[in-house]
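In what follows, a structure is listed as structure tokens, so that the remarks can point back to it.
Just the heavy atoms: all of them, side chains too, but no hydrogens, waters or symmetry mates, feed the values below.
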Amino acid sequence: MPGSFAAKHPIIVNLLIILAVAALGIWIVYFSIALFTKHGEIDKVPGVENMSYTQAIQTLHDHGFKVDIRDSLYKDDVRPGFVIEQFPKANSIVKPGRKIFLYINAVHPKEVVIDDDNHPMEDALRGFSYRQAMAKLQELGFKNIKVVKVLGDNECVAKIMANGATVKKMQKVALNTRLTMQVYDGRLAAITDSLMGEEALANYRAGNYNDYDEDYDYDGGDASPDYSQKSSGSEAAESAPAATSSSSNSTSQEEESIEFF
């Protein structure tokens, strides 16, 4: 139409059309998001902790929720196959049909390798220091560890025992197992030295001087055995007959001389 508003102001008309189309697009997007996200709709999460796995799934499905098992843990105070924890928590307000994450107590406890050195015939952690072995066991997750001292010449691990059997390298052990760690007490060297000293001292007292070291202090005293008295006594005993024979010889010579003159 000649002289109409659209003909006189085409730029304004185009801007109005663009704005109308944009508004319609925004409304369609908002409506779609509300439809898919269930905007304005809410639901309450039921509590399923300490329920069995099958019972928990059935309860959540009955309320329209999805289920996702995130991990299987193991706790001694929870029955195997029961729900330890859920997320979101019970009575949380969420969108209908949301996915609920469950953490289940494993039927069997987790098993780990104590010593991953690839020599399965050797004892696990043998030769480790006490602190190294204890730190490793605690890091793996063992809680029940008993330490027993055994006679030895250092303070290293003698062996690790689980349920009365020695644990080998590359062997898997359940984390709830009661472990017994035998550790050398470091007293064997001192006992060996003491026994050697007693034996040498007994030999010395029996007259076997060849096995006794004068420079070694066996009985803890500062004085070394003194052979001077024995040797001087024997020398005196040996020199005494010689002196007697020489005096008798001189006497006989004097007697002969007297008779001669």
Quick one: does [X]'s side chain have a donor or acceptor within less than 3.5 Å of a partner on [Y]'s backbone?
X      : Y      : result
Glu111 : Lys172 : no
Asp185 : Gly152 : yes
Glu49  : Ala90  : no
Asp115 : Leu125 : yes
Asn105 : Arg79  : yes

Return the minimal non-hydrogen interatomic distance between [X] and [Y], and the atom names on each side.
X      : Y      : answer
Val48  : Ala56  : CB-CB, 3.7 Å
Val67  : Lys99  : C-CG, 4.4 Å
Ala124 : Ile160 : O-CG1, 3.7 Å
Asn118 : Pro120 : C-CD, 3.7 Å
Pro80  : Val107 : CB-CA, 3.6 Å
Val150 : Ala158 : CG2-CB, 4.2 Å

May I have all residue pairs that pass side-chain hydrogen bond (donor to acceptor under 3.5 Å, both in side chains) and include part of residues 122-133, sequence neighbours excluded?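 Those involving residues 122-133 are Glu122-Lys169, Asp123-Lys168, Arg126-Tyr184, Ser129-Gln132.
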
Out of curiosity, does [Y] fall in the hydrophobic cluster containing [X] (side-chain heavy atoms, cut-off under 4.5 Å, transitive links)?
X      : Y      : value
Met134 : Val183 : yes
Leu179 : Val157 : yes
Val83  : Val94  : yes
Val113 : Met161 : no
Leu60  : Ile104 : yes

Could you state the interatomic distance from [atom1] ([X]) to [atom2] ([Y]), rounded to the nearest 0.5 Å?
X      : Y      : atom1 : atom2 : value
Thr177 : Ile145 : OG1   : CD1   : 11.0 Å
Ile100 : Asp68  : CD1   : CG    : 10.5 Å
Gln58  : Met51  : CD    : CE    : 11.0 Å
Tyr103 : Gln86  : OH    : CD    : 11.5 Å
Arg178 : Lys143 : CZ    : NZ    : 15.5 Å
Ile57  : Phe65  : CD1   : CZ    : 15.0 Å

So for atom [atom1], which belongs to [X], do other residues, nucleotides or ligands contribute more than 12 heavy atoms lying within a distance under 6.0 Å?
X     : atom1 : result
Tyr53 : OH    : no
Phe87 : CZ    : no
Lys89 : NZ    : yes
Leu19 : CG    : yes

Test log, rule side chain to side chain contact (heavy atoms under 4.5 Å, CB included), inputs Leu175 and Val112: CA-CA 7 Å; Leu175 287 178; Val112 297; 3.6 Å; yes

